[in-house]
2 protein chains.
Amino acid sequence: MAEDNPPRTAKARRGRPRQAEVARLAGVSQTTVSLVLGGNKQGIALHAETRARVLAAARELGYVPDPAARRLAASRNNLLGVFSFTATFPTAVEHSYYPFLVGVEQEAAAQGFDLVLFTGSSPGGAQADVPGALERVRLADGCLLLGRHAPTAALRRLVEDGYPVVHIGRRDDLSDLAWVGADYVDAGVEVMRRLAALGHRRAVLVREDDDATASIDRERGFRTGLTAAGLAGPSGGGDPVVRAVDPVAEITPDWVRERREEGVTAFVAEETDTGAVWRALLAAVDGAGLSAPDDLSLALLGSPPADLADRPEPTGFDIPRAALGAAAVRVLTALLVGAKADEPLVACAFRAGATAGPPPAAL
Amino acid sequence: MAEDNPPRTAKARRGRPRQAEVARLAGVSQTTVSLVLGGNKQGIALHAETRARVLAAARELGYVPDPAARRLAASRNNLLGVFSFTATFPTAVEHSYYPFLVGVEQEAAAQGFDLVLFTGSSPGGAQADVPGALERVRLADGCLLLGRHAPTAALRRLVEDGYPVVHIGRRDDLSDLAWVGADYVDAGVEVMRRLAALGHRRAVLVREDDDATASIDRERGFRTGLTAAGLAGPSGGGDPVVRAVDPVAEITPDWVRERREEGVTAFVAEETDTGAVWRALLAAVDGAGLSAPDDLSLALLGSPPADLADRPEPTGFDIPRAALGAAAVRVLTALLVGAKADEPLVACAFRAGATAGPPPAAL
DNA sequence: TTGTACGCGTTATCAT
DNA sequence: ATGATAACGCGTACAA
C-alpha cells in the first residue's frame, strides 16, 4: 500500500502525528478523523464507538491539528492576533500594551482562542516601518491593533479584504474599521461635574498639540462637562482649553498665577504617553509656590506616569485598559461569526484622588 | 484551460491575489512567481526581464504571500509558543509572567519570531487542568514553559517527541528538558558575602516548606555563602535554615528575640509567590519592637511583593526576569536549528537596599 | 531558463 | 455511517 510510505521528500519529518496516522491507528479513514476531531459541525451521524476509537487514537498519538493547514483549508485556526504599534520598544511594562493584554488574554481564554503576538514582523522594534509587516497578521483569524501610528494604507487593505480587525482606541479615518475605545467624553464630563460640585466656577484644560482621537475626545469631555456643570473658563474670556506645543515652556508658574488671577481654581490636564502636560502642570504649580488641593485643584484626565507614583494620587479617572482589551476581543470574535459588534465605548472609572478639593475661600 | 476557472467552491473568496494570478498577469507560470518572490534561494538562473515582469505584476496586484500556505509548504511558521502554568489568573501584572514576557518578546522580535500565547487552551484559567492543553503548543515551532506546576507526563511526551521546549526555571526531573534559570546560588552567596563584610557573624534563613527548585537553590546559596564568608548559624547550634510550614505562626516576635539572643544579627528570607515568609519576618521584627538596619539586618533573596513597595527597599537581589525570558528564547532558537544551548544560568543583580547595615555594637 | 507535477495537513463535497 | 476525492496557496524536485 502506498499509504504506508513515509514521505518521500528528504525534508525533515517532524514528530508530529497527522490525521492520517490517527486514522490508521483507529482503523478508519482520514476523513472520519477530521469529522470526529472537527466536532462534527455538519451534524453527520457517527457511531459512538467509532468516535471513541478516533478520540482514543488521537490522544494516544498526541495529535494536534496544524493551524496552518487548518487555516488553509477552513480559513480559521483559533488564533487571535495582537499587533501593536508602540512607538519605542517598551522596557517598562507600564508604557507598553501589557495592561491591555491582561484583558485580551482573559477574554481570549474565556472564548477558547490563543493569541499571536506579532512582534517578530519587525526585528528592531518599530513595526510600522517594515512594509509588509501588517500583512503577517493574516495568519490569525482576526487581529487586534494597538497604538496610534497604524499605517492607514496597509490597514485599509486588510479591512477592504474583509479581514477582521479591531482597533483599540477610537478611529474614524477608516470607515469600516471596527474599534473599541474609552469613553473619554463621559469620563471628562464626570470629572467636571465633581469639580463643580466642590465649588469651582472656572477651569482650564491643558492638552498637547496633538490630533489623536483620545486627545480630541478628552477635550470634548472637558468642554461638554464645563458647560453642563455651569462652569466657565478664565474671566479674561480666553479659551478654557490650552494646546501646549511645548508644555514646559508654556505652562509656567507665571501662567498658573495669571489663570488664578482670572478666577481659575481648577486646572485639568490630559494624560499622554509621556505625561508631559501633567508634569509641566505639577512643576508650574510647585514653582508658583502653590499646592493642591489647598490653593487650587488639579485633575488629570487619565492615569499619571509610573515615575510619579509617589506624588499624591491625582483626581481624575482611570482608563480601563484591561476592560478595553476584553471588549476588543468580544468585538473581534463577534466579527468572526459575522455578528454585530457590541457598544464600542467602555466607561472609565472616576478616581477621587487627592488633588482636588473646594476652592480656596479667598477666591 | 481549467486554470482559468475561479474556485468552484462557494466558500467566500478572499479578495487577496494569489501567485497564480500574478503569474497570469506576468505571463509566466506560478512556479516562476514563487521563485522570483521567494528570493530565488536555489540560485536558479532567471531572465532579468522575466523577474522584472513578475515583480511589476506582484506590485500591481498588491500580492502578499499567505503565511499559512507558506508554513504548510515550508514546514516552519516562525512562531514561538509561550505556555504558562500560573496558579491563578493574574489580575495584577506583577504576579503574572509578564515580566518574563518583556524579554521574551524583545528577543523573539530580534530573531524574527512571532509569539503564540497559549491562553485559549484553558477557558477559565488553570491551564494544567485541561488534559490535552499542553499538546496544543505543537502549533508553534517550539515553546517556552513557565511556572512550577507543569504536568510532567505531558511534558515528557513533548520532549521525547523531539519537540523543542525550554522551561523557564531550573528543572531536573526531566533529563532532556532544556531550561534557563536564575543563578540563585551565586546570588545568595553574594548576599551573604555582603552581610559578612558589614560585620555580621551569625545569620538565619527563613524559607517556605516547599521543594521548588528555586527554593532549593536559594537555600544552597545561603548555606554556601554562609560557610564561604565564615559565618555561622545561631549559637545554640540550631540549623541556620528554618523551613516555615506556617510562617505567621512560626516567625513570631519571640522567635526573633530568641535568635538574637543566640547571636543572630542577620535575618534572611526567600521570595515566594505570596511573599509569605518575608511578610512574616517583617511583622515579627516590627512586633518585637525592633527595626532594620539598626537593631538587626534583613535580606530578601528575591524581590518584595508589590504591595510592600512602600516599605524600605530590602537588601537582596533582583531576579532578572526579562533577561531570563530573553535567554530562554535564545536557547529555544538554538534548539530549533539543532545547535547547542547556551549557559542556562542567568546572574541576579545584587540590590543594596536599605535593610542591612553593620550589626549593633552591643552584640 | 521555464514549466509540470506533487506534497504539505486540513476541510468539505459527494458517492457509497 | 464512512470513504474517496478535490481544493486551499505555496515550495520545489524534476522534466523540458
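Just so it is clear: chains get the letters A, B, ... in the order the sequence lines come, proteins before strands, and each one is counted from 1.
Salt bridge B/R71/A/D66: present, at least one basic N to carboxylate O contact under 4.0 Å.
For A/T31 and D/dA4, the shortest distance from a side-chain N or O to OP1 or OP2 is not below 4.0 Å. Close to C/dT2, at under 4.0 Å from its OP1 or OP2, lies no side-chain N or O of B/T32. Between A/S29 and D/dG3, a side-chain N or O to OP1/OP2 separation shorter than 4.0 Å is present. Side-chain N/O atoms of A/R70 include one lying less than 4.0 angstrom from OP1 or OP2 on C/dT11.
A/R70 meets the salt bridge (charged side-chain N to carboxylate O under 4.0 Å, His left out) test with no other residue; sequence neighbours excluded. Under the rule for a side chain to side chain contact (heavy atoms under 4.5 Å, CB included), the partners of B/L177 that lie at least two apart in sequence or sit in another chain are B/L155, B/V159, B/V165, B/H167, B/R171, B/L174. Residues passing the salt bridge (charged side-chain N to carboxylate O under 4.0 Å, His left out) test with B/D141, sequence neighbours excluded: none.
Identified under the side chain to side chain donor-acceptor pair (under 3.5 Å) test for residues 150-159 of chain B, with sequence neighbours left out: none.
For the pair A/E21 CD and C/dT10 P, the interatomic distance rounds to 10 Å; values are reported in whole Å. When rounded to the nearest whole Å, the span between CG of A/D141 and P of C/dT11 equals 12 Å. Atoms CG (B/L72) and C1' (C/dG9) sit 6 Å apart, rounded to a whole Å. What separates CG of A/L37 from P of C/dA12 is a distance of 13 Å, to the nearest Å. Across the protein-nucleic acid pair, A/R18 atom CZ and C/dG7 atom P stand 11 Å apart, rounded to whole Å. One atom, CD of B/Q30, and another, P of D/dT12, lie 12 Å apart when rounded to the nearest Å. Rounded to an integer number of Å, the gap from CG of B/D66 to P of D/dG9 is 7 Å. Atom CG in A/L139 sits roughly 15 Å away from atom C1' in C/dG9 (whole-Å rounding).
For the ring pair (Phe, Tyr, Trp, His ring centres under 6.0 Å) with A/Y98, the qualifying choice from B/Y98, B/F100, B/Y97 is B/Y98, the only one to do so.
Among C/dG3, D/dT2, D/dT12, the nucleotide with an atom closest to any side-chain atom of B/S34 is D/dT12. Among the nucleotides C/dT10, C/dT1, D/dG11, the one closest to any side-chain atom of A/A73 is C/dT10.
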What donor-acceptor contacts under 3.5 angstrom involve side-chain atoms of residues 51-65 of chain B, with partners at least two apart or in another chain?
residue : atom : partner : partner atom : Å
B/R53   : NE   : B/A26   : O            : 2.8
B/R53   : NH1  : B/E49   : OE1          : 3.3
B/R53   : NH1  : B/E49   : OE2          : 3.1
B/R53   : NH2  : B/A26   : O            : 3.2
B/Y63   : OH   : B/Q19   : NE2          : 3.3

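Within 4.0 Å of B/V33, counting heavy atoms only, lies no atom of the nucleic acid at all. Within 4.0 Å (heavy atoms only), A/Q19 reaches at least one base atom of the nucleic acid.
Counting atom types as modelled, B/T50 pairs no side-chain N or O with a base atom of C/dT2 as donor and acceptor under 3.5 Å.
Rounded to 10 degrees, the angle between the two end axes of the helix from C/dT1-D/dA16 to C/dT16-D/dA1 is 40°, with five pairs used at each end.
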